Amino acid sequence: MPSNSSVIKVRLPDESVRELPAGSTGIDLAQSIGKRLAQAAVATVVNGVETDLGVALADGAQVSIVTADSDAGRHVLRHSTAHVLAQAVVQLFEGAKFSIGPAIEDGFYYDFELPNNKTFSDADLVAITERMQQIVAADQPFVRSEMSADDALKVFSDQPYKCEIIQRVTKGDADSVDALEAGSADAVSVYRNSDSFVDLCRGPHVPSTSRLGHFALMKVAGAYWRGNEKGPMLQRIYGTAWESKSALAEHLHRLEEAEKRDHRRLAVEMDLLSFPQELGGGLAVWHPKGGIVRKLMEDYSRERHQNGGYKFVFTPHLANSHLFETSGHLQFYKDGMYPPMEMDNGTYYPKPMNCPMHCLIYRDRQRSYRELPLRLFELGTVYRYERAGTLHGLLRIRGFTQDDSHIFCTEEQMADEIASLLDFVLSVLRRFGFSDFDFKLSTRNPDKSVGSDEIWQKSTDALREALNRHGLQFTVAPGDAAFYGPKIDIDVRDAIGRKWQLSTIQCDFNLPERFGLEYIATDNSRKRPIMLHRALFGSIERFFGVLLEHYGGAFPTWLAPVQVRVLAVASAHEEYAAKVVQQLVEDGYRVDQLVADEQLGKRIRASKLERIPYVLVVGDDDVANSTVGVNPRGGDVRRDVPMNEFLQQLSADVGETRSVA
RNA sequence: GCCGGGGUAGCUCAGUGGCAGAGCAACCGCCUUGUAAGCGGUAGGUCGUGGGUUCAAUCCCCACCCUCGGCUCCA
């Protein structure tokens, strides 16, 4: 049905059709639907392509409006705010070069090069913010135009980074970042805000700068141009931007809350562990309270492994360099190892991983197929010389203990073994309060791998099948595998939604080869076993750090360093309090008592700050009736609770993993 | 490793080219307390380490160590 030339029809997401005068834009469409929508609109999606609001709509187009409070809308806001940042910097810093400025999660950044290797200071950020607000107030339009690469090179003649992007796009070797910046080779797109500021960009953008304004510049950081460590280092400014003042405020509040549960801060506050400067970077000592929690974690892990058919092994912290030559680690990862110790009978290295030693245990005698799968388990402490700038509390540390398992099995056993491993791993993680998992299957990188296509295929299929068998959603990361085989990585989401990579299950056919591992098969032939690497916590240290942040220091009762604290109202009740303590200790709980030489309120406050799960208060009534006052963490106070009733409550609490506080 | 910010009492932080400061915690005393900070007092420091400049350095300069935010890396 041919439409009237003065009218166009567009289809909306709900399949309804709207008629508009020819030449109407996304703005017109939004206005025709509603005033509020027009106010919230930042872009359109036309036939599946994100487009500026101001572009005339074609007859018959499928159109949806992108609003500022959607993920896509915030992305547009953030990208547009990055342009405003670039304009402000170029205006305030004579000779500044700007390179790329994408939207990222929660915000945006822009990379700059200042003349004479100058860097931005915090004071500069204040000035830049003010200038950005002026640009917002000036209501500058974002005007799109397309031009040839030659013309674009002229426009950006004084901007070497922009020229480099244009040239790469022209030559056809643009990566995804370049493409975002410049559009395509035949039509380089640019957005102009004013006579003096134009930026290379694919878009889309908000119609004008007045749509922005709820942003904050967060920090300055160095960043390599194109991520190349050998290339120039630029100055990156990070910012955050939102659709409203309140959304921005909420985000800043979330950051504050996250900072309060930073494991490094909690470790100090709660006297769990420390990083003495005298030890050297990235090396921790565990204090008694942290030690209790760690021991409980390890005990639980050992118990589960015991029940899971694992054999416990122990291996030394040092090994002769021959071992790591055989394994190939010295060849691939020497830079990440602590330096060698030259001894009169050879060269020794602190071990950066346990697998080669477990291979030696396997190889020590002839193995039969009847022994397989052979599951070796060790809490093995390893040392890796992580680069100085990468250390981060417990999450990136130089000396750590892996809950490391190596499973030797036949090719036929591999799929079942991986499937049951997944069950095992998830079951243990759930006990620690995690319930939200993301799975990633990392596949072969042909340029950085060893082994035959066939075995790679088999291993990858086995991992994939295990995930499918459990009905688990997973993403595939092509080329992210280790050099020796594919792997499944398991991320958990913590109480405030952040993702942490913890467990990993890896197939390895390289080390069995290198160590010449064999077993005698049913037909009396010698065969090579498959080796599965599996770390569940990853490292005890890292897992502990993640747990600390997950619970915000409020460990579930079964893990809490002190589970119950007993407070006498006054000195006269101290004797009864001590009896309560004694009974709880006899029942196997971790209990202490704070004597009444301070006000009760003050002692309760101190106990709450220590995040003790139960504070018991005992006074005259309790002495008379054998009761306690129960003040639970995160709950309401109950008076006159019979001791037996409290014991039942405590027992039930410790028996199950409590939800996070 | 690279760019930038830091390191002062147990903790959080202020401060100055000329005798080192606060709050909390600790310790002592008074108070004997019924559910998140009672009152008074005492003690506590090689101002990260080593050099240099200076009549004098915690402060200025250099190097190193540690740490924080990023980048790169992460078997």
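In what follows, chains are A, B, ... by sequence order, proteins preceding strands, each numbered from 1. Only a predicted model underlies this, so the values are computations on that prediction, with no experimental measurement involved.
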Indicate, with a heavy-atom threshold strictly under 4.0 Å, whether [X] touches base, sugar-phosphate, or nothing.
X        : answer
A:Ala388 : base
A:Ala223 : sugar-phosphate
A:Asp622 : base

Rounded to the nearest angstrom, tell me the gap between atom [atom1] in [X] and atom [atom2] in [N].
X        : N     : atom1 : atom2 : result
A:Glu598 : B:G29 : CD    : P     : 13 Å
A:Asp122 : B:C68 : CG    : P     : 18 Å
A:Leu394 : B:C68 : CG    : P     : 11 Å
A:Gln277 : B:G6  : CD    : C1'   : 12 Å
A:Glu278 : B:G7  : CD    : P     : 18 Å
A:Glu575 : B:U32 : CD    : C1'   : 16 Å

Nearest to side-chain heavy atoms of A:Ala570, which nucleotide of B:U32, B:G69, B:A36: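 It is B:U32.
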Side chain of A:Lys219 (C-beta onward), nearest among B:G69, B:C2, B:A36: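 Looking only at side-chain atoms, A:Lys219 lies closest to B:G69.
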A:Glu378 side chain vs A:Asp404 backbone, donor-acceptor pair below 3.5 Å: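 Checked: no pair found.
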Exam field: side chain A:Arg384 to backbone A:Gly336, donor-acceptor pair closer than 3.5 Å: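 It does not hold such a pair.
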Using only side-chain N and O atoms of [X], determine if any of them is under 4.0 Å from OP1 or OP2 of [N].
X        : N     : result
A:Arg264 : B:C68 : yes
A:Arg396 : B:G70 : no
A:Lys602 : B:A25 : yes
A:His392 : B:U67 : no
A:Tyr238 : B:C71 : yes

Using a strict 4.0 Å threshold on nitrogen-to-oxygen distance, state whether [X] and [Y] make a salt bridge.
X        : Y        : result
A:Lys579 : A:Glu575 : no
A:Asp438 : A:Lys440 : no
A:Glu257 : A:Arg254 : no

[atom1]-based separation of [M] from [N] [nearest Å]:
N     : M     : atom1 : result
B:C47 : B:G18 : P     : 15 Å
B:C28 : B:A43 : C1'   : 10 Å
B:A75 : B:U58 : P     : 46 Å

Chi-based syn or anti call at B:C64, which uses purine or pyrimidine torsion atoms and a 90° bound: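 This nucleotide is in anti.
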Contacts of A:Glu130 that satisfy side chain to side chain contact (heavy atoms under 4.5 Å, CB included) - sequence neighbours left out: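 Testing A:Glu130 for side chain to side chain contact (heavy atoms under 4.5 Å, CB included), a comparison that skips the adjacent residues, returns A:Val126.
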Mutual orientation of the aromatic rings belonging to A:Phe98 and A:Tyr110 [parallel < 30°, tilted 30-60°, perpendicular > 60°]: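 The arrangement is tilted - the two ring planes meet at 30° to 60°.
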Parallel, tilted or perpendicular, as decided by the 30° and 60° cut-offs, for the rings of A:Trp286 and A:Phe544: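 Answer is perpendicular, since the angle exceeds 60°.
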Identified stems (criterion: three or more consecutive Watson-Crick or G-U pairs, under 3.5 Å), RNA chain B: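 The stems are B:1-7 with B:65-71, B:10-13 with B:21-24, B:26-30 with B:38-42, B:48-52 with B:60-64.
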